[in-house]
Amino acid sequence: MVGKIVEVEAYKGSDDPASHAFRGITLRNRPMFGEPGHAYIYFTYGNHFCLNVTTEQSGTPGAVLIRALEPVEGLNSMRKLRPNVSDLELTSGPGKLTKALGIDKSLNEVDMTKRGPLFIIDSGSEDFQMRCSPRVGIRRGTDRLWRVYVSDNPCVSRP
DNA sequence: TCGAAGATTCTA
DNA sequence: AGAATCTTCGAA
């Protein structure tokens, strides 16, 4: 299955009250302190997984939450995992895309810079416009415009 | 050891 | 608007 990333949010460490890493390293957020380019996957609200990619050098917490994808390939597999929704809504949210791609904690900490069960590649030059906004679903740190999404893409969450 | 909150989604 | 649903964290 393949999807184009169309919406992300940035999370940092001790200076970011919305981040899991705000209060230091714990069992759950340990991947955020590890090597860059690896997956940080956590379970929330008793229902959903969320997928992040670590960004900072080892020892410095930082990650990017993948909030939405545009389905590109393997649509049939995604439809099986998420029945009763339109194609546009298959991956239009952080919990939705993990379900549509079958992502769970077994993929935690995999290296997403190398080909493997889960990885990210550069699709080359694409023509699109980016926008920023406050992050979604948090109570603190809402003053930071660290949600970045592709303008006019119907697959971004909460239009 | 226990209680509260949560980087959400679906249904009424 | 509200429930579902369970893990994680921090305080007691």
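Since the structure is predicted, the reported quantities are computational estimates derived from the model, not experimental observations. Just the heavy atoms: all of them, side chains too, but no hydrogens, waters or symmetry mates, feed the values below. Chain A is the first sequence line, chain B the second, and so forth, proteins listed ahead of strands; every chain is numbered from 1.
- One can place CD of A:E7 at 10 Å from P of B:dT8, the figure rounded to the nearest angstrom.
- Side chain of A:E109 to main chain of A:H38: no donor-acceptor pair is present (N/O by atom type, distance under 3.5 Å, no hydrogens or angles).
- Side-chain contact check for A:I66 versus A:V53: some heavy-atom pair is nearer than 4.5 Å.
- Remark: the backbone N or O of A:E89 is paired with a side-chain donor or acceptor of A:R82 at under 3.5 angstrom.
- Looking at residues 51-62 of chain A, you'll see A:N52 sit with a heavy atom under 4.0 Å from some atom of DNA chain B.
- Among the nucleotides B:dT8, C:dC9, C:dC6, the one closest to any side-chain atom of A:R28 is C:dC9.
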At a cut-off of 3.5 Å, list every protein nitrogen or oxygen paired with a nitrogen or oxygen from nucleotides 10-12 of chain C, distance to 0.1 Å.
{"residue": "C:dG10", "atom": "OP1", "partner": "A:R23", "partner atom": "NE", "Å": "3.4"}

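- A donor-acceptor pair is defined here as one N or O able to donate and one able to accept, closer than 3.5 Å; no such pair exists between the side chain of A:T98 and the backbone of A:C50.
- Per the geometry, CZ belonging to A:R140 stands 6 Å off P belonging to B:dG6, to the nearest Å.
- Between A:R30 atom CZ and C:dT8 atom P there is a gap of 12 Å when expressed in whole angstrom units.
- Distance, A:Y45 OH to B:dA7 C1': 7 Å, rounded to whole Å.
- With hydrogens and angles left out, the side-chain atoms of A:E35 and A:T54 include no donor and acceptor closer than 3.5 Å.
- You cannot call A:Y42 stacked on the base of B:dA7; the centres under 5.5 Å and planes under 30° rule is not satisfied.
- Against DNA chain B, the stretch residues 85-100 of chain A makes heavy-atom approaches under 4.0 Å through A:G93, A:P94, A:G95, A:K96.
- If you measure from atom CZ of A:F49 to atom C1' of C:dC6, you get 11 Å, rounded to the nearest angstrom.
- Of the listed nucleotides (C:dT5, B:dA7, B:dT9), B:dT9 has the atom at the smallest distance from the side chain of A:R82.
- Of all heavy-atom pairs between A:N29 and A:H20, the closest is ND2-O, 2.9 Å.
- Without hydrogens or angle criteria, A:T91 side chain to A:L69 main chain gives a donor-acceptor distance under 3.5 Å.
- Stem regions for DNA chain C, each three or more consecutive Watson-Crick or G-U pairs with both distances under 3.5 Å and listed by first number, read B:1-6 with C:6-11, B:8-11 with C:1-4.
- A cation-pi contact, defined as under 6.0 Å to the ring centre and within 45° of the axis, is absent between A:R30 and A:Y40.
- A donor-acceptor pair is defined here as one N or O able to donate and one able to accept, closer than 3.5 Å; such a pair exists between the side chain of A:N108 and the backbone of A:I41.
- A:Q129 and A:D152 share no side-chain donor-acceptor pair at under 3.5 Å.
- Contact between A:A39 and A:M112 at its shortest, heavy atoms only, is CB-SD, 3.6 Å.
- Considering only the side chain of A:H48, B:dT9 comes nearest among B:dG6, B:dT9, B:dA7.
- Candidate nucleotides C:dT8, B:dT8, B:dA7 were compared by shortest atom distance to the side chain of A:K105, and C:dT8 ranks first.
- Taking atom CZ on A:R135 and atom P on B:dG6, their separation rounds to 14 Å, with Å as the unit.
- For the pair A:M78 and A:L90, the minimum side-chain heavy-atom distance is below 4.5 Å.
- What separates CZ of A:F22 from C1' of B:dG6 is a distance of 16 Å, to the nearest Å.
- Within the 4.5 Å cutoff, side-chain heavy atoms of A:V136 are placed close to those of A:R147.
- In this structure, A:R79 pairs ionically with A:D87, as a charged nitrogen and a carboxylate oxygen lie closer than 4.0 Å.
- The residues A:R135 and A:E9 are annotated as not salt-bridged, no charged nitrogen and carboxylate oxygen being separated by less than 4.0 angstrom.
- Distances from the side chain of A:F43 to the nucleotides C:dC6, B:dA7, C:dT5 place C:dC6 closest.
- Nucleotide C:dT8 holds its P atom 15 Å from the CG atom of A:N47, rounded to whole Å.
- Shown for residues 66-74 of chain A: residues whose heavy atoms fall under 4.0 angstrom of DNA chain B, namely A:R67.
- In this structure, A:E126 pairs ionically with A:K4, as a charged nitrogen and a carboxylate oxygen lie closer than 4.0 Å.
- Among the protein residues, A:L65 comes within range of the nucleic acid bases, having at least one heavy atom under 4.0 Å from a base atom.
- Take A:F43 and apply the ring pair (Phe, Tyr, Trp, His ring centres under 6.0 Å) test, not counting sequence neighbours, and it matches A:F49.
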